[in-house]
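Here the structure is laid out as C-alpha coordinates; the discussion comes afterwards.
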Amino acid sequence: MKFEEIKSDEQRYMVHAYGRFDAALVSGKGAVAKDSEGREYVDFTSGIGVNSLGYCDEGWTKAVSEQAATLQHISNLYYSPLQTDVAKKLCELSGMKKVFLCNSGAEANECAIKIARKYSFDKYGSGRQKIVTLVNSFHGRTVTTLAATGQDVFHDFFFPFTEGFDYAKANDIDDLKAKLTDDVCALFVELIQGEGGVMPLEKEFVTAAAALCKEKDILLMIDEVQTGISRTGHFFCYQGYELQPDVVTAAKGLGGGLPIGACLCHDKTENVMQPGQHGTTFGGNPIACAAAREVLSRVAEPAFLKDVREKGEYIRSKLQNIGNVKEVRGQGLMIGIVTEKDNAKEMAAKCLQNGLLILTAKNLLRMLPPLTITYDEIDKGLAILKNTMEA
(Lines give C-alpha, C1' and ligand atoms only; values in the text may rest on other atoms or scores of the structure.)
Protein backbone atom coordinates (compact mmCIF):
# COMPACT_ATOMS: atom_id res chain seq x y z
CA MET A 1 0.00 0.00 0.00
CA LYS A 2 1.08 3.56 -0.68
CA PHE A 3 1.45 6.00 2.19
CA GLU A 4 -1.67 8.02 1.41
CA GLU A 5 -3.80 4.84 1.44
CA ILE A 6 -2.33 3.83 4.81
CA LYS A 7 -2.92 7.31 6.22
CA SER A 8 -6.47 7.37 4.91
CA ASP A 9 -7.27 4.00 6.50
CA GLU A 10 -5.72 5.12 9.80
CA GLN A 11 -7.92 8.20 9.83
CA ARG A 12 -11.00 6.15 8.99
CA TYR A 13 -10.59 3.10 11.21
CA MET A 14 -8.35 3.98 14.16
CA VAL A 15 -9.02 5.99 17.30
CA HIS A 16 -7.16 9.27 16.92
CA ALA A 17 -5.06 8.86 20.06
CA TYR A 18 -1.72 9.70 18.43
CA GLY A 19 -0.24 12.69 16.66
CA ARG A 20 1.67 10.80 13.99
CA PHE A 21 4.55 11.90 11.77
CA ASP A 22 4.00 11.54 8.02
CA ALA A 23 5.72 8.19 7.47
CA ALA A 24 4.56 4.57 7.49
CA LEU A 25 7.46 2.37 8.58
CA VAL A 26 7.43 -1.15 7.16
CA SER A 27 10.90 -2.65 7.69
CA GLY A 28 14.26 -2.03 9.28
CA LYS A 29 17.75 -3.30 10.02
CA GLY A 30 20.09 -2.09 12.74
CA ALA A 31 19.35 1.60 13.29
CA VAL A 32 17.88 2.18 9.83
CA ALA A 33 14.13 2.03 9.10
CA LYS A 34 12.41 1.94 5.70
CA ASP A 35 8.98 3.38 4.91
CA SER A 36 6.19 2.29 2.59
CA GLU A 37 7.66 4.36 -0.24
CA GLY A 38 11.10 2.73 0.07
CA ARG A 39 12.74 5.71 1.77
CA GLU A 40 15.31 5.05 4.51
CA TYR A 41 15.71 6.83 7.86
CA VAL A 42 18.42 6.76 10.49
CA ASP A 43 16.51 5.96 13.68
CA PHE A 44 17.42 7.85 16.85
CA THR A 45 14.19 6.69 18.57
CA SER A 46 14.27 2.84 18.73
CA GLY A 47 10.49 2.84 19.14
CA ILE A 48 10.79 5.18 22.18
CA GLY A 49 13.62 3.18 23.72
CA VAL A 50 12.16 -0.26 22.99
CA ASN A 51 14.31 -1.74 20.19
CA SER A 52 17.39 -2.03 22.37
CA LEU A 53 19.19 -4.28 19.87
CA GLY A 54 17.94 -2.35 16.84
CA TYR A 55 15.73 -3.65 14.05
CA CYS A 56 15.78 -7.37 13.24
CA ASP A 57 18.93 -8.27 15.15
CA GLU A 58 19.89 -11.80 14.10
CA GLY A 59 20.19 -13.28 17.59
CA TRP A 60 16.93 -11.69 18.72
CA THR A 61 15.07 -12.77 15.57
CA LYS A 62 16.33 -16.35 15.97
CA ALA A 63 15.28 -16.49 19.65
CA VAL A 64 11.79 -15.15 18.90
CA SER A 65 11.11 -17.25 15.80
CA GLU A 66 12.29 -20.48 17.41
CA GLN A 67 10.10 -19.87 20.45
CA ALA A 68 7.11 -18.96 18.26
CA ALA A 69 7.50 -22.34 16.56
CA THR A 70 7.74 -24.15 19.91
CA LEU A 71 5.17 -22.67 22.33
CA GLN A 72 3.54 -19.28 21.90
CA HIS A 73 1.54 -18.96 25.12
CA ILE A 74 0.62 -20.67 28.35
CA SER A 75 -1.28 -19.24 31.28
CA ASN A 76 0.41 -18.35 34.54
CA LEU A 77 -1.26 -21.38 36.13
CA TYR A 78 1.80 -23.36 35.00
CA TYR A 79 5.54 -23.04 35.49
CA SER A 80 7.61 -21.61 32.66
CA PRO A 81 11.39 -22.10 32.40
CA LEU A 82 11.57 -19.02 30.17
CA GLN A 83 9.99 -16.87 32.89
CA THR A 84 12.33 -18.21 35.55
CA ASP A 85 15.36 -17.66 33.30
CA VAL A 86 14.39 -14.02 32.80
CA ALA A 87 13.59 -13.49 36.49
CA LYS A 88 16.85 -15.11 37.61
CA LYS A 89 18.92 -12.99 35.22
CA LEU A 90 17.14 -9.79 36.28
CA CYS A 91 17.81 -10.57 39.94
CA GLU A 92 21.46 -11.40 39.29
CA LEU A 93 22.02 -8.19 37.34
CA SER A 94 20.10 -5.91 39.69
CA GLY A 95 20.71 -7.27 43.18
CA MET A 96 16.95 -7.53 43.68
CA LYS A 97 15.27 -10.66 45.08
CA LYS A 98 12.08 -11.44 43.17
CA VAL A 99 10.35 -10.42 39.92
CA PHE A 100 6.75 -10.08 38.71
CA LEU A 101 6.51 -10.15 34.91
CA CYS A 102 3.83 -8.16 33.08
CA ASN A 103 3.32 -6.49 29.69
CA SER A 104 4.29 -2.82 29.92
CA GLY A 105 5.77 -0.02 31.99
CA ALA A 106 2.38 1.17 33.16
CA GLU A 107 1.52 -2.35 34.35
CA ALA A 108 4.85 -2.64 36.15
CA ASN A 109 4.15 0.67 37.88
CA GLU A 110 0.62 -0.43 38.83
CA CYS A 111 2.18 -3.51 40.42
CA ALA A 112 4.67 -1.36 42.35
CA ILE A 113 1.85 0.84 43.65
CA LYS A 114 -0.12 -2.18 44.84
CA ILE A 115 2.95 -3.67 46.51
CA ALA A 116 3.68 -0.40 48.35
CA ARG A 117 0.14 -0.09 49.69
CA LYS A 118 -0.12 -3.73 50.71
CA TYR A 119 3.30 -3.67 52.39
CA SER A 120 2.20 -0.75 54.50
CA PHE A 121 -1.25 -2.20 55.21
CA ASP A 122 0.21 -5.53 56.29
CA LYS A 123 2.65 -3.82 58.67
CA TYR A 124 0.79 -0.72 59.88
CA GLY A 125 -2.87 -1.20 59.02
CA SER A 126 -5.04 1.31 57.15
CA GLY A 127 -4.38 5.05 56.85
CA ARG A 128 -0.82 4.85 55.52
CA GLN A 129 -1.40 4.55 51.79
CA LYS A 130 -0.13 7.79 50.20
CA ILE A 131 2.62 7.60 47.57
CA VAL A 132 4.82 10.60 46.84
CA THR A 133 6.14 11.11 43.31
CA LEU A 134 7.96 14.09 41.83
CA VAL A 135 6.69 17.14 40.02
CA ASN A 136 7.34 16.69 36.27
CA SER A 137 7.34 12.89 36.53
CA PHE A 138 5.63 10.45 34.19
CA HIS A 139 4.55 6.95 35.25
CA GLY A 140 2.00 5.79 32.66
CA ARG A 141 -1.44 6.31 31.10
CA THR A 142 -3.77 4.14 33.17
CA VAL A 143 -6.08 6.04 35.51
CA THR A 144 -3.83 5.20 38.48
CA THR A 145 -0.46 5.85 36.84
CA LEU A 146 -1.80 9.12 35.44
CA ALA A 147 -2.62 10.07 39.03
CA ALA A 148 0.92 9.10 40.01
CA THR A 149 2.31 11.33 37.24
CA GLY A 150 3.38 14.70 38.61
CA GLN A 151 2.20 16.85 35.69
CA ASP A 152 -1.09 18.77 35.83
CA VAL A 153 -1.56 18.45 32.06
CA PHE A 154 -2.32 14.74 32.57
CA HIS A 155 -4.84 15.32 35.37
CA ASP A 156 -7.81 16.14 33.20
CA PHE A 157 -10.81 14.53 31.44
CA PHE A 158 -10.72 11.10 33.10
CA PHE A 159 -12.19 11.92 36.51
CA PRO A 160 -12.21 10.61 39.13
CA PHE A 161 -8.52 9.77 39.29
CA THR A 162 -7.15 7.30 41.82
CA GLU A 163 -6.60 8.94 45.20
CA GLY A 164 -3.52 8.79 47.39
CA PHE A 165 -0.74 10.63 45.56
CA ASP A 166 1.24 13.76 46.36
CA TYR A 167 4.05 15.46 44.46
CA ALA A 168 7.37 16.83 45.72
CA LYS A 169 9.69 19.15 43.83
CA ALA A 170 12.65 17.36 42.25
CA ASN A 171 16.03 18.18 43.82
CA ASP A 172 14.36 20.07 46.71
CA ILE A 173 15.00 18.04 49.85
CA ASP A 174 13.09 20.45 52.09
CA ASP A 175 9.95 20.11 50.00
CA LEU A 176 10.36 16.34 49.99
CA LYS A 177 10.70 16.27 53.79
CA ALA A 178 7.47 18.23 54.08
CA LYS A 179 5.65 15.79 51.79
CA LEU A 180 6.86 12.60 53.54
CA THR A 181 4.15 12.76 56.18
CA ASP A 182 3.02 9.93 58.48
CA ASP A 183 0.45 8.67 55.94
CA VAL A 184 3.09 8.03 53.22
CA CYS A 185 4.03 4.45 52.36
CA ALA A 186 6.37 5.01 49.38
CA LEU A 187 8.46 7.46 47.39
CA PHE A 188 8.35 6.64 43.65
CA VAL A 189 10.82 8.43 41.36
CA GLU A 190 12.48 8.40 37.95
CA LEU A 191 16.20 9.12 38.33
CA ILE A 192 16.08 10.80 34.92
CA GLN A 193 12.68 12.21 34.05
CA GLY A 194 12.35 11.11 30.43
CA GLU A 195 8.96 12.37 29.27
CA GLY A 196 9.50 15.33 31.60
CA GLY A 197 12.40 16.56 29.46
CA VAL A 198 15.41 14.29 30.18
CA MET A 199 15.94 15.84 33.63
CA PRO A 200 18.43 13.93 35.84
CA LEU A 201 18.04 14.03 39.60
CA GLU A 202 20.99 15.34 41.60
CA LYS A 203 22.87 12.59 43.40
CA GLU A 204 22.85 14.54 46.69
CA PHE A 205 19.06 14.79 46.55
CA VAL A 206 18.66 11.09 45.81
CA THR A 207 21.05 10.07 48.60
CA ALA A 208 19.20 12.28 51.11
CA ALA A 209 15.83 10.98 49.90
CA ALA A 210 16.96 7.38 50.34
CA ALA A 211 18.09 8.14 53.89
CA LEU A 212 14.73 9.71 54.72
CA CYS A 213 12.90 6.67 53.37
CA LYS A 214 15.02 4.32 55.44
CA GLU A 215 14.47 6.39 58.58
CA LYS A 216 10.68 6.45 58.15
CA ASP A 217 10.23 2.91 56.73
CA ILE A 218 8.94 4.43 53.50
CA LEU A 219 9.57 2.24 50.46
CA LEU A 220 12.00 3.68 47.90
CA MET A 221 10.66 2.73 44.46
CA ILE A 222 12.52 3.54 41.23
CA ASP A 223 10.75 3.78 37.86
CA GLU A 224 13.33 2.50 35.36
CA VAL A 225 10.88 1.97 32.51
CA GLN A 226 12.88 4.29 30.25
CA THR A 227 16.26 4.45 32.03
CA GLY A 228 16.68 0.70 32.62
CA ILE A 229 18.11 -2.20 30.60
CA SER A 230 21.46 -0.46 29.99
CA ARG A 231 20.01 2.71 28.46
CA THR A 232 22.17 5.03 30.62
CA GLY A 233 25.34 2.92 30.49
CA HIS A 234 24.45 1.14 33.74
CA PHE A 235 22.19 -1.90 33.63
CA PHE A 236 19.86 0.06 35.89
CA CYS A 237 20.31 3.79 36.35
CA TYR A 238 20.08 3.47 40.16
CA GLN A 239 23.34 1.49 40.14
CA GLY A 240 25.13 4.67 39.09
CA TYR A 241 23.55 6.43 42.08
CA GLU A 242 24.76 3.68 44.43
CA LEU A 243 21.25 2.96 45.72
CA GLN A 244 19.43 -0.11 46.97
CA PRO A 245 15.74 0.40 46.13
CA ASP A 246 12.90 -1.61 47.63
CA VAL A 247 11.07 -1.84 44.28
CA VAL A 248 12.23 -1.24 40.70
CA THR A 249 10.12 -1.22 37.54
CA ALA A 250 11.31 -1.91 34.00
CA ALA A 251 9.88 -2.40 30.50
CA LYS A 252 10.64 -0.77 27.11
CA GLY A 253 14.07 -2.16 26.12
CA LEU A 254 13.65 -5.37 28.11
CA GLY A 255 11.93 -7.25 25.27
CA GLY A 256 13.87 -5.63 22.44
CA GLY A 257 10.61 -4.96 20.60
CA LEU A 258 8.07 -7.28 22.24
CA PRO A 259 5.79 -6.21 25.11
CA ILE A 260 7.15 -7.19 28.52
CA GLY A 261 7.50 -5.35 31.81
CA ALA A 262 8.90 -6.28 35.19
CA CYS A 263 8.42 -5.23 38.79
CA LEU A 264 11.46 -6.20 40.90
CA CYS A 265 11.30 -6.53 44.69
CA HIS A 266 13.99 -6.47 47.39
CA ASP A 267 13.98 -7.78 50.98
CA LYS A 268 11.06 -5.77 52.34
CA THR A 269 8.76 -6.42 49.43
CA GLU A 270 9.67 -9.84 47.97
CA ASN A 271 6.86 -11.68 49.79
CA VAL A 272 4.16 -8.98 49.88
CA MET A 273 2.06 -10.41 47.05
CA GLN A 274 0.38 -13.78 47.57
CA PRO A 275 -1.57 -15.95 45.08
CA GLY A 276 -4.77 -14.29 43.91
CA GLN A 277 -3.71 -10.74 44.89
CA HIS A 278 -2.21 -9.77 41.52
CA GLY A 279 -1.97 -11.30 38.09
CA THR A 280 -1.95 -10.97 34.31
CA THR A 281 -3.00 -13.18 31.40
CA PHE A 282 -0.19 -12.28 29.02
CA GLY A 283 2.58 -11.28 31.45
CA GLY A 284 5.70 -13.40 31.00
CA ASN A 285 4.50 -14.69 27.65
CA PRO A 286 7.00 -17.30 26.33
CA ILE A 287 7.81 -15.42 23.13
CA ALA A 288 8.32 -12.13 24.98
CA CYS A 289 10.48 -13.94 27.54
CA ALA A 290 12.58 -15.51 24.77
CA ALA A 291 13.18 -12.01 23.43
CA ALA A 292 14.01 -10.67 26.90
CA ARG A 293 16.40 -13.53 27.59
CA GLU A 294 18.31 -12.70 24.42
CA VAL A 295 18.46 -9.02 25.34
CA LEU A 296 19.62 -9.75 28.89
CA SER A 297 22.32 -12.13 27.66
CA ARG A 298 24.01 -9.22 25.87
CA VAL A 299 23.26 -5.75 27.18
CA ALA A 300 24.68 -6.13 30.70
CA GLU A 301 28.17 -7.24 29.67
CA PRO A 302 30.79 -4.73 30.94
CA ALA A 303 32.11 -4.13 27.41
CA PHE A 304 28.59 -3.47 26.13
CA LEU A 305 27.85 -1.00 28.94
CA LYS A 306 31.17 0.77 28.32
CA ASP A 307 30.26 1.02 24.64
CA VAL A 308 26.89 2.62 25.50
CA ARG A 309 28.62 5.21 27.71
CA GLU A 310 31.23 5.96 25.06
CA LYS A 311 28.65 6.34 22.29
CA GLY A 312 26.68 8.70 24.51
CA GLU A 313 29.76 10.81 25.21
CA TYR A 314 30.58 10.86 21.50
CA ILE A 315 27.09 12.05 20.56
CA ARG A 316 27.03 14.74 23.27
CA SER A 317 30.42 16.07 22.17
CA LYS A 318 29.26 16.28 18.55
CA LEU A 319 26.01 18.00 19.51
CA GLN A 320 27.93 20.85 21.15
CA ASN A 321 29.15 21.87 17.68
CA ILE A 322 25.71 22.08 16.07
CA GLY A 323 24.00 25.42 15.62
CA ASN A 324 20.68 26.02 17.46
CA VAL A 325 21.78 23.68 20.28
CA LYS A 326 21.46 25.47 23.61
CA GLU A 327 21.92 22.61 26.07
CA VAL A 328 22.56 18.87 26.02
CA ARG A 329 21.69 16.63 28.99
CA GLY A 330 21.19 12.99 29.90
CA GLN A 331 23.24 9.84 30.42
CA GLY A 332 24.42 7.11 28.08
CA LEU A 333 22.11 6.86 25.09
CA MET A 334 19.30 8.83 26.73
CA ILE A 335 19.93 12.36 25.48
CA GLY A 336 17.94 15.59 25.50
CA ILE A 337 18.70 18.60 23.28
CA VAL A 338 17.36 22.04 24.18
CA THR A 339 17.18 24.22 21.07
CA GLU A 340 18.05 27.93 20.99
CA LYS A 341 14.93 28.71 18.99
CA ASP A 342 12.62 26.60 21.19
CA ASN A 343 11.36 24.82 18.07
CA ALA A 344 11.89 21.12 18.85
CA LYS A 345 8.62 19.87 17.36
CA GLU A 346 9.24 21.77 14.14
CA MET A 347 12.81 20.41 14.01
CA ALA A 348 11.63 16.81 14.57
CA ALA A 349 9.21 17.10 11.63
CA LYS A 350 11.93 18.54 9.39
CA CYS A 351 14.37 15.82 10.47
CA LEU A 352 11.84 13.23 9.28
CA GLN A 353 11.67 14.94 5.88
CA ASN A 354 15.48 14.79 5.73
CA GLY A 355 15.78 11.12 6.71
CA LEU A 356 16.14 11.11 10.52
CA LEU A 357 13.72 9.83 13.16
CA ILE A 358 14.01 11.77 16.42
CA LEU A 359 11.74 12.26 19.44
CA THR A 360 10.59 15.25 21.44
CA ALA A 361 9.87 15.66 25.16
CA LYS A 362 8.43 18.90 26.49
CA ASN A 363 10.26 21.58 24.48
CA LEU A 364 13.38 19.62 23.56
CA LEU A 365 14.56 17.01 21.09
CA ARG A 366 15.12 13.59 22.61
CA MET A 367 17.35 10.77 21.42
CA LEU A 368 16.88 7.11 22.44
CA PRO A 369 18.76 5.26 19.69
CA PRO A 370 19.26 1.50 19.68
CA LEU A 371 22.00 0.51 22.11
CA THR A 372 23.69 -1.30 19.23
CA ILE A 373 23.76 1.73 16.91
CA THR A 374 27.05 1.93 15.00
CA TYR A 375 29.29 4.99 14.81
CA ASP A 376 28.60 5.16 11.09
CA GLU A 377 24.86 5.31 11.79
CA ILE A 378 25.47 7.91 14.51
CA ASP A 379 27.51 10.08 12.14
CA LYS A 380 24.90 9.85 9.38
CA GLY A 381 22.12 10.80 11.79
CA LEU A 382 24.07 13.67 13.32
CA ALA A 383 24.90 15.03 9.86
CA ILE A 384 21.18 15.13 9.03
CA LEU A 385 20.43 16.74 12.40
CA LYS A 386 23.13 19.37 11.87
CA ASN A 387 21.97 20.24 8.35
CA THR A 388 18.36 20.46 9.55
CA MET A 389 19.02 22.57 12.62
CA GLU A 390 21.37 24.97 10.85
CA ALA A 391 19.22 25.44 7.73
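None of the values given here were measured: they were computed from a predicted structure. Index from 1, following the sequence. Note that these values count all heavy atoms, side chains included, but never hydrogens, waters or copies made by symmetry.
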Test: Arg117 cationic atom under 6.0 Å from Phe165 six-membered ring centre, within 45° of axis
yes

Those residues at least two apart in sequence (or on a different chain) that pass side chain to side chain contact (heavy atoms under 4.5 Å, CB included) with Glu110 are Thr142, Thr144, Thr145

Can you give the donor-acceptor pairs under 3.5 Å from side chains of residues 186-201 to other protein atoms, not counting sequence neighbours?
| from | atom 1 | to | atom 2 | distance (Å) |
| --- | --- | --- | --- | --- |
| Glu190 | OE1 | Phe138 | N | 3.0 |
| Gln193 | OE1 | Asn136 | ND2 | 3.0 |
| Gln193 | NE2 | Val135 | O | 3.2 |
| Glu195 | OE1 | Arg366 | NH2 | 3.3 |
| Glu195 | OE2 | Gln226 | NE2 | 3.4 |
| Glu195 | OE2 | Arg366 | NH1 | 3.0 |
| Glu195 | OE2 | Arg366 | NH2 | 3.4 |

If you apply the rule side chain to side chain contact (heavy atoms under 4.5 Å, CB included), what do you find for Val99 with Cys91, and how did you get there?
CA-CA 7 Å; Val99 177; Cys91 288; 3.7 Å; yes

Point to revise | Thr269 side-chain N/O to Asp246 backbone N/O, donor-acceptor pair under 3.5 Å | key: yes

Please check if Val338 and Met347 belong to a single hydrophobic cluster, counting links between Ile, Leu, Val, Met, Phe, Trp and Tyr side chain heavy atoms closer than 4.5 Å.
-> no

Interatomic distance, CD1@Ile173 vs CD@Glu202, rounded to 0.5 Å, equals 10.5 Å

Contacts of His278 meeting side chain to side chain contact (heavy atoms under 4.5 Å, CB included) (sequence neighbours excluded), chain-then-number -> Phe100, Cys111, Lys114, Met273

Between Phe44 and Leu357, is there a side-chain heavy-atom distance shorter than 4.5 Å?
no

Is the distance between the ring centroids of His234 and Tyr241 under 6.0 Å? no

For residues 76-86, the side-chain hydrogen bond (donor to acceptor under 3.5 Å, both in side chains) pairs (sequence neighbours left out) are Asn76-Gln83, Asp85-Arg293

d(Leu364 CG, Met367 CE) to nearest 0.5 Å is 11.5 Å

Residues 300-310 vs side-chain hydrogen bond (donor to acceptor under 3.5 Å, both in side chains), sequence neighbours excluded, gives Lys306-Glu310, Asp307-Lys311

In terms of heavy-atom contacts, Ser230 and Val308 come closest through O-CG1, 3.5 Å

| query | Where does the angle between the aromatic ring planes of Phe161 and Phe159 fall among parallel (under 30°), tilted (30 to 60°) and perpendicular (over 60°)? | reply | perpendicular

- Message: Looking at Asp35 and Arg39, would you say the former's side chain and the latter's main chain have a donor-acceptor pair under 3.5 Å?
- Response: yes

- Message: In the structure I gave you, are the side-chain heavy atoms of Lys177 and Leu180 within less than 4.5 Å of one another anywhere?
- Response: no

Among the clusters formed by ILVMFWY side chains lying less than 4.5 Å apart, do Leu71 and Val86 turn up in the same one? no

- prompt: When you measure from the side chain of Thr339 to the backbone N and O of Val325, does any donor-acceptor pair fall under 3.5 Å?
  reply: no

Sorted by chain and number, sequence neighbours left out, side chain to side chain contact (heavy atoms under 4.5 Å, CB included) with Phe21 holds for Ala348, Ala349, Leu352

Note: Val299 and Phe304 closest approach over all heavy atoms is O-CD2, 3.3 Å

Heavy atoms of Lys98 and Asn271 approach each other most closely as NZ-OD1, 3.6 Å

